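Quick caveat: nothing in here was measured; it's all calculated off a predicted structure. For ligands, and for the atoms within them, numbers begin at 1 and follow the listed sequence.
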Amino acid sequence: MNVLVINCGSSSLKYQLIDSESEAVLAKGLCERIGIDGRLVYQKTGLDKEITEAPMPTHKQAIELVINALVNDKTGAIKDLSEIDAVGHRLVHGGEKFACSVVISDEVLQAVEECNDLAPLHNPANLIGVAACQEVMPNVPMVGVFDTAFHQTMPKKAYLYGLPYEYYEKYKVRRYGFHGTSHSFVSKRLAEYLGLDYQNSKLIVAHLGNGASISAVQNGKCIDTSMGLTPLEGLVMGTRSGDIDPAIMEFIAKKENLDIEGVMNVLNKKSGVQGLSRLSSDFRDLEDGHANGNEMATNAIEVFCYRVAKYIGAYVAAMNGVDAIAFTAGIGENGPLVRQKVMEYLGYLGIAVNEETNGVHGDEAVISTADSKVKVCVIPTNEELAIARETVALVK
Ligand code: AMP
């Protein structure tokens, strides 16, 4: 089966066409500046990237341009539309309504819309992407894969905030978690890679990218994760603050004369390692800065790693042990310095760094020493492949 995986934002749309039997990516790319002017990036596997400035006033036109590129005589990956067997959509927030992926129907779309309040930037854009695909491919089955679904197994004690219970009852204010597709994919692969029984294991996944989260996966089920009602909670991220004393919001609002939107903008876009370092949100820049003696860059890296290590400690306590830990996403897959610094905190678990294998970039590897009691690995994530697999499982 060929599955078109779609990740739709308000002005952009990423896509991959995946052959589910070989799990090969046939073509991939993105549409940018939808509704502004429009740019299509398309790459058939094995060929050069093509970039075309093309008007795309709406997402429907963007999808049409993607399909045209996919069936193009010269550089297309398929002959015609009939070779797209299913579409898998990344949907950000399923609230408490979705604990797994679903075949998209009118009822499903209605229920996702009811979660829009919880992800006002993402869910409406995701739904626009679904509607555009349905218009262009009315007879192709579509599946929704939620960022939040994997975390729905968290127990109440992990997902409730210490707030008046009525906020949970009335507004569903609770911890949901994100990056669920990645945490699910990586935790399963971690168990498989190490020959562990997924259904009888205690695993921790550190998804460290520009957005970063950690999850505790016990016996194949997520029992806790660091992001909350929104992706702002938890780790210090590229530009997000992660956990702070909530009273800081009032304090800063008064000092800087900001309203609530202004404070939220600071917490989401001007904080994290960007705000700390005054240099960059990108770890490559921070590592260069650190190597060149930039103390602010070093501080930002230290704060980031310390927070990761604290969360790992918390999740070892939550599961009363841990069998294996995985690093994934941009920094987790490519950042030996961060991995080493985090692992240095974990000596009490009998973990030691294998300095040779810890040099790995983007490949699977065990990066703890052979005699480490708890194995630490790099496991590259692949959210598109995970979405394609979920899609096939539901439409086959
Ligand atoms: P993601 O959000 O998963 O794409 O991850 C983005 C983050 O990964 C950025 O902070 C990048 O600096 C970081 N990253 C990507 N490649 C490298 C690398 N080779 N070394 C260190 N960090 C990297």
Just checking, any donor-acceptor pair under 3.5 angstrom between side chains of [X] and [Y]?
X: Thr369; Y: Asp371; result: yes
X: Ser241; Y: Ser271; result: no
X: Gln61; Y: Thr58; result: yes

Can you report which non-hydrogen protein atom sits closest to [atom], along with the distance?
atom: atom 17 (C) of ligand 1; result: Asn334 CB, 3.4 Å
atom: atom 7 (C) of ligand 1; result: Ile331 CG1, 3.7 Å
atom: atom 6 (C) of ligand 1; result: Asn210 N, 3.6 Å
atom: atom 10 (O) of ligand 1; result: Phe283 N, 3.1 Å

Atom 12 (O) of ligand 1: any protein heavy atom closer than 4.0 Å: yes
Using a strict cut-off of 4.0 Å, indicate which atoms of ligand 1 neighbour a heavy atom of [X].
X: Gly330; result: 1 (P), 3 (O), 5 (O), 8 (O), 13 (C), 14 (N), 15 (C), 23 (C)
X: Gly209; result: 1 (P), 2 (O), 3 (O), 5 (O)
X: Ser281; result: 10 (O)

Ring geometry between Tyr345 and Tyr306 (parallel below 30°, tilted from 30 to 60°, perpendicular above 60°): tilted
His183-His151 aromatic ring centre distance below 6.0 Å: yes
cation_pi(Arg174, Tyr168) dist<6.0 Å, angle<=45: no
